There are 2 protein chains.
Amino acid sequence: MCYASIMDTRLDPTPIATPPPTADEVLITLVRHGHRVTGPRRAVLDAVLAKPRPFTAEQLVAELGDSRAGAPIGRATVYRTLEILASVDVLSRLIGADGHPSYVVGTPGHRHHLLCSGCGAAVSFTACPVDELVQTLTRDTDFAIHGHLLEVFGVCPTCQDDATTDGIGAGRGVAVG
Amino acid sequence: MCYASIMDTRLDPTPIATPPPTADEVLITLVRHGHRVTGPRRAVLDAVLAKPRPFTAEQLVAELGDSRAGAPIGRATVYRTLEILASVDVLSRLIGADGHPSYVVGTPGHRHHLLCSGCGAAVSFTACPVDELVQTLTRDTDFAIHGHLLEVFGVCPTCQDDATTDGIGAGRGVAVG
DNA sequence: CACCGAATGATACTTTGTGTCAATAATGCG
DNA sequence: CGCATTATTGACACAAAGTATCATTCGGTG
């Protein structure tokens, strides 16, 4: 039920688990899925792959849609391209501590994220503790369970240090379930 | 870290775990928290307590803001009141399978929900499988973990029956992490 | 009852995202 | 290469969801 593998309980200590795919690799994937390779898509893709941490669609729109050298890219195109990239597993959709959706470059199978509410960094992990719960829930409720949503929020070591240095308590922010 | 108790691993088989508080009880709670008891707040509260399943803020706005007998209630007031009710634990905020936030009347401590993508029913449960994961994540990443978000999506028995009867596959809907 | 500040709600605005559709450009084919 | 076909684009309008402002109103206290 959990699309993330329960086998791998180890966590990657670095914000980006594996090197992101190259633009060319992704383009090949797109073609394989019947999509065309266009200029705007290349531009969106390049921008996306350059992002080390989660970003919102609007951030991308602002970045690509304004007076950049060359042709600005339309809002709709950015949204559509993000959707496509998510559908071919180049991007993961996730929900931030503020409840707003964002995207992050992620390797397939890495479905859950630990998010820093300070700097926005994301650590993806495959360990999924929900499967056992799903069995219990299925037994007790007779629901047909199709999926779940899990995000973990915290503050990364760097931001903890910064907070200490700045005299700002690290306990700010998130109060989620 | 998980505000839901890990002690109670049993699930309540009924959509509403415990009888919702009475309006008067809630009003007392509001006063205790330094809020005033006003007409609009009573109206919002009554509407909220009458809801057996999750609802969105906009639904309430539509319900209370239009040409109902008596004074229609402003959009801002509805949002503000929901915020207050959530802050005093009368309501839980949750995120539906479509990613949109909604509220549900919930008893404190019941922080996670199993949502039916057919009829919208919610089963709240306190079993939280994330605590162990949090320990692992804390050890491996040195994050200071402050919270998490967990929702489980599926189809309730009734909707499964309906789907079978209607010839509609039960496998529609949610494809979440 | 009068006062004070919290609360209200009309309005405008922001953010985030979707729908439409004529113009355009990417691929396949000859 | 040149053309036809069709996906794609992007400007625009629109919608949904929520926030900010602020003069007015109302609840509760003395």
Side-chain angles (χ1 to χ4, degrees), chain A residues 23-24 26-47 54-68 70-88 91 93-103, chain B residues 23-24 26-47 54-68 70-88 91 93-103:
Chain A
D24 285 344
V26 175
L27 292 178
I28 292 173
T29 304
L30 287 184
V31 171
R32 247 203 293 269
H33 281 77
H35 300 291
R36 289 185 180 173
V37 173
T38 68
R41 283 187 183 160
R42 286 174 187 273
V44 171
L45 182 57
D46 287 344
F55 56 90
T56 66
E58 277 306 310
Q59 281 170 13
L60 253 200
V61 169
E63 184 177 326
L64 296 172
D66 64 7
S67 58
R68 298 254 303 180
I73 297 175
R75 159 189 297 260
T77 299
V78 172
Y79 275 90
R80 282 185 294 234
T81 305
L82 287 176
E83 204 175 326
I84 290 174
L85 291 177
S87 78
V88 299
L91 295 178
R93 246 186 138 125
L94 52 88
I95 296 183
D98 57 357
H100 291 303
S102 55
Y103 292 88
Chain B
D24 284 344
V26 174
L27 291 177
I28 291 173
T29 304
L30 287 184
V31 171
R32 244 203 294 268
H33 281 78
H35 300 291
R36 289 186 180 173
V37 174
T38 68
R41 281 184 184 164
R42 285 175 187 274
V44 171
L45 182 57
D46 287 344
F55 56 90
T56 66
E58 279 304 311
Q59 281 169 15
L60 253 201
V61 169
E63 184 177 328
L64 297 172
D66 64 7
S67 57
R68 299 254 303 178
I73 297 175
R75 158 190 300 261
T77 299
V78 172
Y79 275 92
R80 280 187 294 236
T81 307
L82 288 177
E83 202 175 328
I84 291 172
L85 291 177
S87 78
V88 298
L91 295 178
R93 247 186 138 126
L94 53 87
I95 296 184
D98 57 358
H100 291 304
S102 54
Y103 293 88

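Worth saying up front: this structure is predicted, and the values here are computed from it rather than measured. The chains referred to below are lettered A, B, ... by the order of the sequence lines, with proteins before strands, and numbering in each begins at 1. Side chains are part of it too, since the values below use all heavy atoms of this structure and drop only hydrogens, waters and symmetry mates.
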Kindly write out the residues that satisfy side-chain contact (heavy atoms from CB on, under 4.5 Å) with A:Gln59, not counting sequence neighbours, or none if the list is empty. A:Phe55, A:Thr56
How would you list, by chain and number, every residue that makes a side-chain contact (heavy atoms from CB on, under 4.5 Å) with B:Ala23, sequence neighbours excluded? B:Leu45, B:Asp46, B:Leu49
With a cut-off of 3.5 Å and sequence neighbours excluded, list every side-chain donor-acceptor pair involving residues 28-37 of chain B.
from    : atom 1 : to      : atom 2 : distance (Å)
B:Thr29 : OG1    : B:Glu25 : O      : 3.0
B:His33 : ND1    : B:Thr29 : O      : 2.9

In terms of heavy-atom contacts, B:Pro40 and B:Thr77 come closest through CB-CG2, 4.0 Å
The first and last nucleotides of DNA chain D lying within contact of chain B, meaning any atom under 4.0 Å from one of its heavy atoms, run from D:dA17 to D:dG28
Could you grab the distance from atom CD1 of B:Ile84 to atom CG of B:Leu91, nearest 0.5 Å is fine? 11.0 Å
Taking protein heavy atoms under 4.0 Å as touching, what does nucleotides 10-19 of chain C look like 5' to 3' if B marks base contact, S marks sugar-phosphate-only contact and - marks none? ------BBB-
Once salt bridge (charged side-chain N to carboxylate O under 4.0 Å, His left out) is applied, what residue pairs with a partner in residues 73-87 of chain B remain, sequence neighbours excluded? B:Glu58-B:Arg75
Five pairs per end, C1' atoms only: what is the angle between the end axes of the helix from C:dC1-D:dG30 to C:dG30-D:dC1, to 10 degrees? 30°
Within residues 39-47 of chain A, the residues having a heavy atom closer than 4.0 Å to DNA chain C are none
With A:Ala47, which residues qualify under side-chain contact (heavy atoms from CB on, under 4.5 Å), at least two apart? A:Leu60, A:Glu63, A:Leu64
Could you work out, with salt bridge (charged side-chain N to carboxylate O under 4.0 Å, His left out) as the rule, every residue matching A:Arg93, not counting sequence neighbours? none
Anything under 3.5 Å between a protein N or O and an N or O of nucleotides 27-30 of chain C, put it in a table, one pair a line.
from   : atom 1 : to      : atom 2 : distance (Å)
C:dT27 : OP1    : A:Val37 : N      : 2.9

In whole angstroms, the gap separating P of C:dG9 from CG of B:Leu64 amounts to 10 Å
